Amino acid sequence: MEVREIKSLVVLMNEYGIIELEIEDKKGKVRLVRGSAPNAEASTAAGTPARAHGPTPLPRRPAPAAPRSGGPIAAPIELADNQILVESPMVGTFYRAASPDSEPFVHEGDSVRKGQTVCIIEAMKMMNEVEATAAGRVVRIIAENGQAVEYGQALMVLEAG
Amino acid sequence: MEVREIKSLVVLMNEYGIIELEIEDKKGKVRLVRGSAPNAEASTAAGTPARAHGPTPLPRRPAPAAPRSGGPIAAPIELADNQILVESPMVGTFYRAASPDSEPFVHEGDSVRKGQTVCIIEAMKMMNEVEATAAGRVVRIIAENGQAVEYGQALMVLEAG
Amino acid sequence: MFKKLLVANRGTIAIRIIRACRELGIPTVAVFSTADKDALHVRMADESVCIGPPAAEDSYLNIPSILSAALTYGADAVHPGYGFLSENGDFAEACQRSGLQFVGPRARHIRLMGDKPRARRIMKRAGVPVLPGSEGKGVSEVRDALADGKRLGFPVLIKAAAGGGGKGMRIARDAGELERLFPIARGESEAAFSSRTMYLEKYLERARHVEFQILADNHRSVIHLGERDCSIQRRHQKVIEESPCPVLTARLREKMGKAAVRAAEVVGYSNVGTVEFLLAPDGQFYFIEMNTRIQVEHGVTEMVTSTDLVKESIRMAMGEELGIRQRAVTFKGAAIEFRIYAEDPERHLPSPGVVSNHHPPGGLGVRVETALYDGYRVPVHYDPLIAKLIVHSDTRDLAMARARAALREYLIDGIKTNIPLHLKILHDPDFIRGDFATDFLRRYEPSSARPSDADALAAEKAS
Amino acid sequence: MFKKLLVANRGTIAIRIIRACRELGIPTVAVFSTADKDALHVRMADESVCIGPPAAEDSYLNIPSILSAALTYGADAVHPGYGFLSENGDFAEACQRSGLQFVGPRARHIRLMGDKPRARRIMKRAGVPVLPGSEGKGVSEVRDALADGKRLGFPVLIKAAAGGGGKGMRIARDAGELERLFPIARGESEAAFSSRTMYLEKYLERARHVEFQILADNHRSVIHLGERDCSIQRRHQKVIEESPCPVLTARLREKMGKAAVRAAEVVGYSNVGTVEFLLAPDGQFYFIEMNTRIQVEHGVTEMVTSTDLVKESIRMAMGEELGIRQRAVTFKGAAIEFRIYAEDPERHLPSPGVVSNHHPPGGLGVRVETALYDGYRVPVHYDPLIAKLIVHSDTRDLAMARARAALREYLIDGIKTNIPLHLKILHDPDFIRGDFATDFLRRYEPSSARPSDADALAAEKAS
């Protein structure tokens, strides 16, 4: 699921007053919970003009699960006790391989050593290698190849073992 | 206790963040409860300029015991089951007697018939007689002679029997 | 300077008056009904008095209660705001008799302008163009109405002589409709104003509502502060007002402004007032009535002329002289007001409730007049106008851009508002071009609930 | 027109820039640190990107992160706001190298004006009066400083050549103080700017801080938009700014304005900028420095000149021409800005916390610029400026009356603010008369904690 897809879900939730939304597909699971339902009934009634004209959803109170896509404040990714996240150390573009022709650094199911390069973040034309912070198995690759990612955004899930 | 005295108490409470205040003296008992403490810590810290310069206390949420003096929204007057209030039917000036030389219509402790005149509200130079809505005993006269009263303001407490 | 001023109103206009008094250093007394005990104007005023139960007749329209409050609390002036008692000659007179300065015109001017056929006669004599219509004191019988209708040619508008707020108003497109609708309109007038007297006016197609702001002192100086185009109306409610009117030429503005000043001068009017005209597509304009009070939409004139009309109304009431001559009045940029109503924007039903997430817009050229606050319960008893957003910029296009940005920022939860409707209008090509008349908003009526002609056209008479 | 603009800032100025972009129809990208995930600018922008952890060096001062965000999200322009990277020549240059239009002056102008002794030399050559002070490239050794001090006569002000924000600044009242304080100031400069180069300026008693707003296009047209008096300062913070300066004559305004324009013209400056002067009690004025960015207090100039400076800065950056000539610039009324800081008004300590009961004032001539909302947690990591209240009216007296009314309405709970201090100042007879200099606020320091001369006088250099 791409950032823009999640964003449009969030807009939908906001417009139609959905409080909780859970989607599970082959790419993973997304669970979005709005802390309160500020715009549900009131400002954005049915028949509201399109988003471009519509009121900007402002925060009521900083909800723990505020509707942000990606990033450290994203929809929470549920981790088992023996799982850790590989997070983006910077803003940039996520690549799974060193070049378009190369093989991805890792696939889901692969085992990795601590310090092994698992992906690249391109920022300012520089390719920054992201290393596994611990040995383990790649159980899920969250980011899409070529996707814009922000600081702290979850890229992969590693499982110890 | 006069309206202006209560008002200054309310201002004090607001300025120093007092939530609840109870005063009992020979004239009666005043109990003021602030539903929330909006200005306590923040806008009106110690050393705030005098009221005339200070921020206007605005309501946070309509508190059930909002700090208003007199009137139907006044500090709640606690009534026993067999007690009722005589309330002002209009805005005006409360008088206990028909003229400055006359005897008051009633004193605390007096028994009254239903329909008996218990006081006068002067409004627009007209003297409006206020009648007891039930038979009973005047257990407390709340309003001060010559005091400005508003619509619905509690004037006296009657006790059945 | 007044010692103390009683604000005989509630909501946004009460806030507006209290702010003006604070700037002038005049202490204020607010009055309120038991339904308004938590209202913002009660908290903002220096003192406040409960004057009665929720029903307006028993509180905000209760003259003895309000006068008693003013006298008991030591006020020497009363500002009526708009609505309620603001155009009640008896109230103005009772204030003066009680030694209270009424902030507004003299009682006889309120009464004169409240009698619509009489106002028409006076204006006609003074050379102010009026719409062709019933002559004399009006008509009460269908027979006379039919004669007038034939003389004028259809369509005609049936109006109540004591009218206001669109009550007793119907459009008749032929003699048959007139015969059918006249008794209905007269019945409404009897119910609302205890008056059977009606009058007919020629109905103008595709007309705009263009009104001029008047400012007059007690020393016979009268100026106008330009116009407001209030054509965007829904039934009895103006919805959007702007200044300048997008189609007015400088020449026509001068001509209409002079007519408006003449209308006030001829009766010796004082304080603030508004002369309302219909502007036909051919550039002809016609007096319809004069409102003898501050208007809801006074803010747009304040923005383009840098004048504080509420402070001026108080200054005039204190007998001060107008400090400005007509030729010194200048206009800067364009201002648009958006009335925010607590209503379902689709179904146009009132939407009372408890306000949450109140986040008004701010910044350059953005002015909000509101009595809302977080946690406030909008009462069911009164007008659903809860806020006014006024934007000001160099041009109408820039003001519209600013309005779109501001309305997107505006958050009011807990109740429904017409903010989405305003955003739709701001993307309507005809509105953007300035090409509209008083029937513009009919296109945004829900198709299932499109009102009858008669209803929609009553919009022509919004106050 | 820019395709997309990245706002490289936070707080009120980020909101201000986003509003301007909305009006211009330019989509925006907000950047934020993890401490600002719930900040208003993040919600208001069309897109937003987390660029790092709370510490400013790792997020809002992190040039690669911000550039990467701009390129990754497809922006073609960057607005730096004020503070953070707004006066960093390397950032401006890096933007241009990455194909991003930097909304501000060229990198070399930022660098030139950032080198204070160099700016002084250029201004002196151009005939702009500068304070007597160190000549050439400045001084690094106590011995040279003492020689300068003797030549100038005491008191003197020690300043850092790369200075800003009051760092490395001390007043020396005699040679002994100079000898003692110079190494301390130099140490501060080394720590803050990695520079040992200092310079001395003659210290002016009872001077006012008067600055001129410059607007310049890329086609060598430069105008000024009048002055702002920013004398009400506490240590490194301006607290109240107003336009016009209460003591400036029309003649002096013209003279200072011309000097300010010349300062910009002589270097070929473009975009918005501010030329700061000290105005002595005898009417002499002296260039102190030029700020090469939008200022916090730009709003007061916007009110009195009806100019949208942020929109203008974006227009200039797109290469558009100034649409207005100097003689067409007119000034209307008086505007005053009150900076609202999240701080204890008595002890001047920052007061972070969760905002509740947020109720900003509104109405005619009242403008609020804020990034607050109910429930927002003011973070500890950044500047405590949380809002700006700007009032505008016909005269300074009326503006002060409006400010008193507005500040009484202003409610912000959950944190302490300096609103009570503003109300005190608005009742101070000297402030009311306009009779003050940069040391005015010392009288409101808590007596127990009255800061040393050196600290208080560093106020002279507030940015």
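As the structure is a prediction and not an experimental result, all values here were calculated from the model. All chains are named by letter (A, B, ...) in the order of the sequence lines, taking the proteins before the strands, and each is independently numbered beginning at 1. Note that these values count all heavy atoms, side chains included, but never hydrogens, waters or copies made by symmetry.
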Exercise for review: Give the intermediate values and the outcome of salt bridge (charged side-chain N to carboxylate O under 4.0 Å, His left out) for residues D:Glu409 and C:Arg19.
Suggested key: CA-CA 9 Å; D:Glu409 278 182 44; C:Arg19 282 179 175 150; 2.7 Å; yes
Review point. What is the distance from atom OH of D:Tyr373 to atom CG of C:Leu411, rounded to the nearest 0.5 Å?
Key: 11.5 Å
Practice item. Working to the nearest 0.5 Å, report the span between CE of D:Met44 and CZ of C:Arg408. Key: 8.5 Å
Study note, to complete from the structure: One option among C:Asp308, C:Thr12, C:Ile15 has the most heavy-atom pairs under 4.5 Å with chain D, and it is C:Asp308
Practice item. Would you mind telling me which of C:Gly365, C:Ser393, C:Ala401 has the largest number of heavy-atom pairs within less than 4.5 Å of chain D? Key: C:Ala401
Is chain D contacted by the side chain of [X], its backbone, both, or neither, given a heavy-atom distance below 4.5 Å?
X: C:Arg402; answer: both
X: C:Thr370; answer: neither
X: C:Lys332; answer: side chain

Exercise for review: Looking only at non-hydrogen atoms, find the nearest pair between D:Arg22 and C:Ala405 and report the distance.
Suggested key: NH1-O, 3.5 Å
Point to revise | Heavy-atom pair count under 4.5 Å with chain C, highest-scoring of D:Val368, D:Leu364, D:Leu372 | key: D:Leu364
Review point. Given D:Asp374 and C:His358, is the side chain to side chain contact (heavy atoms under 4.5 Å, CB included) satisfied, shown in steps?
Key: CA-CA 8 Å; D:Asp374 246 17; C:His358 183 234; over 6 Å; no
Review point. So C:His359 and D:Leu40, side chain to side chain contact (heavy atoms under 4.5 Å, CB included) or not? Walk me through it.
Key: CA-CA 11 Å; C:His359 190 89; D:Leu40 196 58; 3.9 Å; yes
